[in-house]
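The structure follows.
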Amino acid sequence: MVEKIAHKLTRKPKLVALIALLMLIPSLLGVVATRINYDILSYLPQDLPSSQGEQLLEDPFQMAATSMLVVEGMPAGYTNQLIQDIKEIPGVSSAVWVSNLVGVQLPVDMVPASFREMFFSGDSTMMLIQYDHPGASDETMEAIEAVRGVCNEKCFLAGFSVVIKDTRDVMDGELPLFVGLAVLLALAAMAVTLESTVLPLVFIASIGIAVVYNFGSNIFLGQISYVTKAIAAVLQLGVTMDYSIFLYRRYEEERRCCQDPRDAMAKAIEAAFRSLSGSSMTTIAGFLALCFMRLTLGRDIGIVMAKGVVLGVATVILVLPSLVLIFDKQIERHKHKTLIPPFAGMNRRILRRRVPLVVLTLLLFLPAVYAQNHAEIYYKLDESLPRDLPSIVSNEKLKDDFDMATSHFVLLRDDIAATDMADMEEQLRAVPGVNTVLSYHSMLGVGIPDFFIPAEVKDMLRQDGYQLMMVNSSYAPATDQVAQQLDAMNAILHRYDPQAMITGEGAMYRDLIDTSAVDFRVTNYISVAAIFLIIAIVFRSLTVPAVLVATIELAIFLNQGLSYFTGAQVPFIAPTIISCVQLGATVDYAILMTSRFQEELRRGVERREAIQVAASASDASIVTSALVLFCATLGVSFVSSIDLIGAICIMLARGALISALVSLFLMPAILCVCEPLFHRTSYRWRGKAAPEQTPEEPSAPALISSGSK
């Protein structure tokens, strides 16, 4: 079947290339139609109290999207007119200031001091703005832009939805730079490591087609996160490039035996299909492990990237052969010597010192594991944004002028007795860090008659059997202080209403921290187990996968531990992504060398000579693959002003480099020392003296290799 398809693909390469280009049209339409989600907190599990509370804020309260507008040094007349202008903006459901909070019948001077303190601070005043749609919706983003349009330079719009708006603007501006720089640096890496000037352009064209297919097919998911959007294209470029290299290397081998290049390519396709369908399994397993995160951002990234690898392999098998055949003359005409140095001498020196290197490997685990466990992690997403963004400046203004670092939204039954409400509010105000409590009862409790309170304020605070309480805190989200504050508030609230829920930034970040801690362990165990199983099946051994996975895990520990030694903070999602992606994407380096090592042993070659041959044959492929992934992701870290994206990419780049160094300098020694153990604990590890294999019939372990022999 594969042979027939390969034959047909190579007979009409221009037709295949044309079909591939035409398929870009629906894919591009899918790219445009796929929504991008910029709210990471929306990926929290929906069974958490904070998520359930957020759903109630959206319906029936319409408070999920709430902004605070600080107006500094402007007369009351300007603020009154501004609030009227804001109410007229499409997408704004209400705008509340102290003048309309208690109705037009009551003069502002008669407003109780507690309310004046909430809405006034020095020469600054604050108003609350609510929106018709959820906080991260396109309609709310447009409304926020319109609100900014009617404000002057003395107005500061703060709130989580505003941060999301600025994040989207930054990402939209920088994404073309991400992709462009990744492509340029990948081309530079391939120009150094490949033998033709034209070949890198052909590879980039093929992978570019696969990337568009992948992003276009995301329409079936409905939406993807902005983190996925930022890193998926670059990561797909880095992890699937070696598939293209393998196909071309095999094509070059077959050309020595075939007069017709099309026949050579057909045989290369057959060999590549068997090999790449195996080699991609470890990478796919690493990505799919992310799908087991309770934080569904992992599923978002995992599905998109696993799909990207599958489409990358499909494009290499179906499209790249046609492109190579079309541009074969140009590729041959512009060949040059590769700049990769020979590794034979280095490998001889490594093998002479194999025992000390194995001891060094074992010793490295101690500082690496310690550093990984003690690397500092941050959870507050706006910490990853440039500090001069309008939303960040406004949030700081709100904190400085009104001592409002976090706003908690409390949802309660609306039939709690007035005396109980009074006791509850008094206890909440006594909680450390709480500075103001706003509720329907607290408004009535300071002497404002019920008929003075406007209907829009009543609707804001009471709906469908629930009442809403706003508790403002001087503690920043995602801190130990706010976590202790939430515990104290929950203890108070549940004495009066066991079903009470706290939501808002503070509560959702608290749940994010707890969820991420579990996710990291679960996904790491699953990725290790899945890749261990794949390698065990391929090599029919329990010790081979243990050694290979442990060695790459060392590279992962070193990568994450470097953040501890450099004192850098990393975003909470980075360790989880890195542990799965680096293992899945770079364990192929170890598999490539091990499979060649086994081949040489099965030919009857002595152990030291076998690993010498295997290492020398594999090193160039490892360097090329790692260098492309390193350059592609490193470029993004240079240009991204969002630290969340930059930190993930620099760790991916660093991880590719560390995995390559471990594979080049430690793996030969480890394999040589452990080979007797492999022989005793594996099924037919050395096998019988086998005849030299033909290109059409690679060995079973070679089926998972992604490099050339």
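Keep in mind that what you see is a predicted model, and the values were worked out from it rather than measured.
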Discussion item. Would you say CZ of Phe557 has more than 12 non-hydrogen atoms from neighbouring residues, nucleotides or ligands within 6.0 angstrom?
Written reply: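 It does: Phe557 CZ has more than 12 such atoms within range.
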Practice prompt. Could you give me the CA-CA distance, side-chain angles and deciding distance for Ser42 and Asn37, then say whether side-chain hydrogen bond (donor to acceptor under 3.5 Å, both in side chains) is met?
Written response: CA-CA 9 Å; Ser42 67; Asn37 186 353; 2.9 Å; yes
Worksheet item: What is the distance from atom CD of Glu174 to atom CD1 of Ile642, rounded to the nearest 0.5 Å?
Response: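 If I round to the nearest 0.5 Å, the distance is 6.0 Å.
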Item to complete: With side-chain contact (heavy atoms from CB on, under 4.5 Å) as the test, would you mind laying out the steps for Ile301 and Phe287 before giving the verdict?
Response: CA-CA 8 Å; Ile301 297 173; Phe287 287 127; 5.5 Å; no
Worksheet item: Can you find a pair of side-chain heavy atoms, one from Ser618 and one from Phe597, that are under 4.5 Å apart?
Response: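 Side-chain contact under 4.5 Å: no.
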Discussion item. When you compare the side chain of Phe665 with that of Ile350, does any pair of heavy atoms fall below 4.5 Å?
Written reply: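 Ile350 vs Phe665: side chains touch.
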Worksheet entry | Residue from Arg686, Arg680, Gln598 passing side chain to side chain donor-acceptor pair (under 3.5 Å) with Glu675 |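 Testing each of Arg686, Arg680, Gln598 against Glu675, the sole residue satisfying side chain to side chain donor-acceptor pair (under 3.5 Å) is Arg686.
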Worksheet entry | Reference residue Phe678; test ring pair (Phe, Tyr, Trp, His ring centres under 6.0 Å); the match among Tyr683, Trp685, Phe539 |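 The passing option is Trp685.
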Item to complete: Examine distances only and state if a side-chain atom of Thr283 and a backbone atom of Gly584 form a donor-acceptor pair shorter than 3.5 Å.
Response: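 A pair under 3.5 Å: yes.
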Worksheet entry | Side-chain heavy atoms of Val549 within contact of Ile531, under 4.5 Å |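 They are in side-chain contact.
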Worksheet item: Is Tyr525 atom OH crowded by more than 12 heavy atoms from other residues, nucleotides or ligands, each under 6.0 Å away?
Response: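 Open: at most 12 neighbouring heavy atoms sit under 6.0 Å from OH of Tyr525.
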Worksheet item: Taking Arg353 for the side chain and Arg349 for the main chain, is one N or O donor matched with an acceptor at less than 3.5 Å?
Response: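 Such a contact is found between Arg353 side chain and Arg349 backbone.
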Worksheet item: Do Asp242 and Ser621 have side-chain atoms, one donor and one acceptor, less than 3.5 Å apart?
Response: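 Side chains of Asp242 and Ser621: no pair found under 3.5 Å.
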Practice prompt. Indicate the ring-plane relationship of Tyr248 and Phe203, choosing parallel, tilted or perpendicular according to the 30° and 60° boundaries.
Written response: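 Tyr248 vs Phe203 ring planes: perpendicular.
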Fill in: Nearest non-hydrogen partners of Ser563 and Ala375, listed with the distance
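In this case the closest contact between Ser563 and Ala375 is CB-CB, 4.3 Å.
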Worksheet item: Going by heavy atoms in the side chains, are Ile611 and Glu600 under 4.5 Å from each other?
Response: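 Sidechains of Glu600 and Ile611: no contact.
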Practice prompt. Check whether any side-chain N or O of Glu254 sits under 3.5 Å from a backbone N or O of Lys267 as a donor-acceptor pair, and report yes or no.
Written response: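 No, Glu254 side chain to Lys267 backbone: no donor-acceptor pair under 3.5 Å.
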Discussion item. Looking at Gln569 and Gly567, would you say the former's side chain and the latter's main chain have a donor-acceptor pair under 3.5 Å?
Written reply: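 Such a contact is absent between Gln569 side chain and Gly567 backbone.
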Worksheet entry | Single hit among Val309, Leu320, Ile317, Thr315 for side chain to side chain contact (heavy atoms under 4.5 Å, CB included) with Tyr243 |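 Option passing the side chain to side chain contact (heavy atoms under 4.5 Å, CB included) with Tyr243: Val309.
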Fill in: Sole residue of Leu627, Ile204, Leu185, Ile245 in side chain to side chain contact (heavy atoms under 4.5 Å, CB included) with Met190
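Exactly one option meets the side chain to side chain contact (heavy atoms under 4.5 Å, CB included) with Met190, and it is Ile204.
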Fill in: Crowding at CG, Asp480 (>12 non-hydrogen neighbours, <6.0 Å)
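Not more than 12 within 6.0 Å, no.
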Practice prompt. Using modelled atom types only, decide if a donor and an acceptor are shared between the side chain of Ser51 and the backbone of Gln46 within a distance under 3.5 Å.
Written response: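 Checking the backbone N and O of Gln46 against the side chain of Ser51, no donor-acceptor pair under 3.5 Å is found.
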Discussion item. Hydrogens and angles aside, do Asn218 and Lys229 bring a side-chain donor and acceptor to less than 3.5 Å of each other?
Written reply: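 Side-chain D/A pair, Asn218 to Lys229: absent.
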Worksheet item: Is the shortest heavy-atom distance from the side chain of Cys672 to the side chain of Arg608 under 4.5 Å?
Response: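 A side-chain contact exists here, since the closest heavy-atom pair is under 4.5 Å.
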Discussion item. Nearest 0.5 Å, please: how far is OG1 in Thr193 from CD1 in Ile622?
Written reply: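 Result: 13.5 Å between the selected atoms.
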Discussion item. Is there a side-chain contact (heavy atoms from CB on, under 4.5 Å) between Glu270 and Arg250? Walk through the geometry before answering.
Written reply: CA-CA 10 Å; Glu270 291 180 60; Arg250 199 57 185 250; over 6 Å; no
Discussion item. Using only atom types and a distance under 3.5 Å, with no angle test, would you say the side chain of Tyr379 pairs donor to acceptor with the backbone of Ser516?
Written reply: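 A pair under 3.5 Å: no.
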Worksheet item: Is the backbone N or O of Met305 less than 3.5 Å from a side-chain atom of Gln236, with the two atoms forming a donor-acceptor pair by type?
Response: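 No.
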Discussion item. side-chain contact (heavy atoms from CB on, under 4.5 Å) for Tyr370 and Leu366? Distances and angles first, verdict last.
Written reply: CA-CA 6 Å; Tyr370 177 86; Leu366 297 176; over 6 Å; no
Worksheet item: Going from CG on Leu295 to OH on Tyr43, what distance comes out if it is rounded to the nearest 0.5 angstrom?
Response: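 One gets 9.5 Å once the value is rounded to the nearest 0.5 Å.
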Discussion item. Are Leu629 and Leu235 packed together at the side-chain level, in the sense that at least one heavy-atom pair is separated by less than 4.5 angstrom?
Written reply: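 A side-chain contact under 4.5 Å exists here.
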Worksheet item: Out of curiosity, Leu48 CG to Arg294 CZ, how far, rounded to the nearest 0.5 Å?
Response: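 Atom-to-atom, Leu48:CG and Arg294:CZ are 5.5 Å apart.
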Practice prompt. Starting at CG of Leu297, measure out to CD1 of Ile573 and round the result to the nearest 0.5 Å.
Written response: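 These two atoms lie 4.5 Å from each other.
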Discussion item. With a 6.0 Å cut-off (strictly less than), is the heavy-atom count around CG of Leu357, excluding the residue itself, greater than 12?
Written reply: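 Result for CG/Leu357: enclosed.
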Worksheet item: Of the non-hydrogen atoms in Ala632 and Leu237, which two are nearest, and what is the gap between them?
Response: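 Nearest heavy atoms, Ala632 then Leu237: CB-CD2, 4.0 Å.
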Worksheet item: Between Thr576 and Asp519, do the side chains contain an N or O donor and an N or O acceptor separated by less than 3.5 Å?
Response: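 Per modelled atom types, Thr576 and Asp519 side chains form no pair under 3.5 Å.
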Worksheet item: Minimum heavy-atom separation for Arg602 to Arg684, with atom names?
Response: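 Minimum heavy-atom separation between Arg602 and Arg684: NH2-O, 2.8 Å.
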Item to complete: For Val673 and Pro676, work out which heavy atoms get closest and say how close.
Response: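 Shortest heavy-atom separation between Val673 and Pro676 comes out as O-CD, 3.4 Å.
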Discussion item. Salt bridge (charged side-chain N to carboxylate O under 4.0 Å, His left out), that's the test. Do Arg603 and Glu599 meet it? Break it down for me.
Written reply: CA-CA 6 Å; Arg603 291 191 179 105; Glu599 282 184 38; 3.7 Å; yes
Worksheet item: Going through the checks in order, is the side-chain contact (heavy atoms from CB on, under 4.5 Å) test met by Ile645 and Phe178?
Response: CA-CA 10 Å; Ile645 305 300; Phe178 293 172; 4.1 Å; yes
Worksheet item: Going from CD1 on Ile340 to CG on Asp619, what distance comes out if it is rounded to the nearest 0.5 angstrom?
Response: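 Rounded to the nearest 0.5 Å, the CD1-CG separation comes to 9.5 Å.
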Worksheet item: Is a side-chain N or O of Arg654 found less than 3.5 angstrom from the main chain of Asn559, in a donor-acceptor match?
Response: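 Judged by distance alone, yes, a pair lies under 3.5 Å.
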Practice prompt. Without swapping roles, check the side chain of Asn524 against the backbone of Phe520 for a donor-acceptor pair under 3.5 Å.
Written response: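 Judged by distance alone, no pair lies under 3.5 Å.
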Practice prompt. Could you tell me whether the side chain of Thr296 and the main chain of Arg299 form a donor-acceptor pair under 3.5 Å?
Written response: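 The answer is no, because no donor-acceptor pair under 3.5 Å joins these two groups.
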Practice prompt. Would you name the heavy atoms of Ala289 and Thr523 that are closest together and state the gap between them?
Written response: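 What the structure gives for the nearest pair is O-CG2, 3.4 Å.
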Worksheet entry | pair Ile578-Leu652: side-chain heavy atoms closer than 4.5 Å |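 Touching, per the 4.5 Å side-chain cut-off.
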Discussion item. Is the shortest side-chain heavy-atom distance between Val623 and Phe343 below 4.5 Å?
Written reply: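 Yes. Closest side-chain heavy atoms under 4.5 Å.
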Item to complete: Give the minimum heavy-atom separation between Ile648 and Ala574, together with the two atoms involved.
Response: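 Taking every non-hydrogen atom into account, CG1-CB, 4.0 Å.
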